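Scroll down for the structure; my scribbles are underneath it.
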Amino acid sequence: MRIINIKPIFKEVIWGGSRLKTDFGYDIPSDHTGECWAVSAHPDGECRVAGGEYDGMLLSELWNEHRELFGNYPSDRFPLLTKIIDANGDLSIQVHPDDSYAAVNENGSLGKMECWYILDCVENATIIIGHNAKTKEELEDMVRNDRWSELIREVPIKKGDFFQIDPGTVHAIKAGTLILETQQSSDITYRLYDYGRLQNGKPRPLHIDKSLDVIEVPFVERKAYETEESGWMRKLYSCKYYTVWKADLNGEEILKNEYPFMIVSVIEGSAEIDGTEYKKGDHFIIAAGTGDITFKGNAEFIMSAPAIA
Ligand code: ZN
């Protein structure tokens, strides 16, 4: 098996919209659909294989029973998760723990390192990334005394921007933003601030103490790589969990798969890949040991691979 096609699942949330249907053509449950879990083996949203020898199998089962497809990658669970997020409203401002904090405080969960590729956004869009406190004491004072406008760091964004979000980074997407997220397979989020909003007459719970435990002070920006790569694949970022690329296909290219596995998302256009047609919104995994894979067509992709120890 060379390519494993994955069937996405969808999450309805108060801040979600309908662009997963209008932009990506997915059959979504409502026009409050915020998240497409495109490649996930996380218990909070497990994807299944679509077609082929393992049709209908959960990705977690495939991981457990056919680890050879993933280069016998040494992890007790499928380590990555790819999502597309449609924010029709502002998301709460949040922060994630790292592996060691999550292992102790969240029942053995992984921590959450993540990164965002901006697929599209409205004019004058911004995101929240980082904060302006210089010390832990200043951070705590700003949080406990509602000095949010001083604390929160908001930056303008445009289509094609990329952001690496280490554990401990304060972050949030704002209304009118469509992103592709590559992350560790984790669902642990601490809500720091929710703009004072009410849901059914009540504020949603915050996790102030855990947030203060994990927020990195001072904030240090992680820059996307400059366009150092030649060819059709541009490396956006590498960290200890993943490498992420943006790829632009115009014609024919060969992908040399040198990783235990790769996750590929078609974010624009269509292409014939290893003899099969794919289009915008399709997601698949390239299995271990496939060697060269031929891509033909006009399309854009976000690709990721697990870090190799
Ligand atoms: Zn996050």
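Because the structure is predicted, anything quoted here is derived from the model rather than measured. Note that ligands are numbered from 1 as they come in the structure, with each ligand's atoms numbered from 1 the same way.
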Query raised in the report: What do you reckon, are the aromatic ring centroids of Phe70 and Phe261 less than 6.0 Å apart?
Result: yes

Query - His32 and Trp15 aromatic centres sub-6.0 Å - result: no

Query raised in the report: Name the one of Lys83, His42, His96 that satisfies side chain to side chain donor-acceptor pair (under 3.5 Å) with Gln183?
Result: Lys83

Query raised in the report: For the Zn ion (ligand 1), which protein N/O/S atoms are closer than 2.8 Å?
Result: His96 NE2, Glu114 OE1, Glu114 OE2, His171 NE2

Atom pairs and distances, donor-acceptor, side-chain atoms in residues 285-302, under 3.5 Å, two or more places apart:
| unit_1 | atom_1 | unit_2 | atom_2 | d |
| --- | --- | --- | --- | --- |
| Thr290 | OG1 | Asn257 | ND2 | 3.2 |
| Thr290 | OG1 | Ala287 | O | 3.3 |
| Asp292 | OD1 | Lys256 | NZ | 3.4 |
| Glu300 | OE1 | Lys246 | NZ | 3.2 |

**Report entry** Between Asn5 and Tyr54, a side-chain donor and acceptor under 3.5 Å
**Finding:** no

Query raised in the report: Any idea which heavy atoms bring Asp86 and Arg19 closest together, and the distance?
Result: OD2-N, 3.0 Å

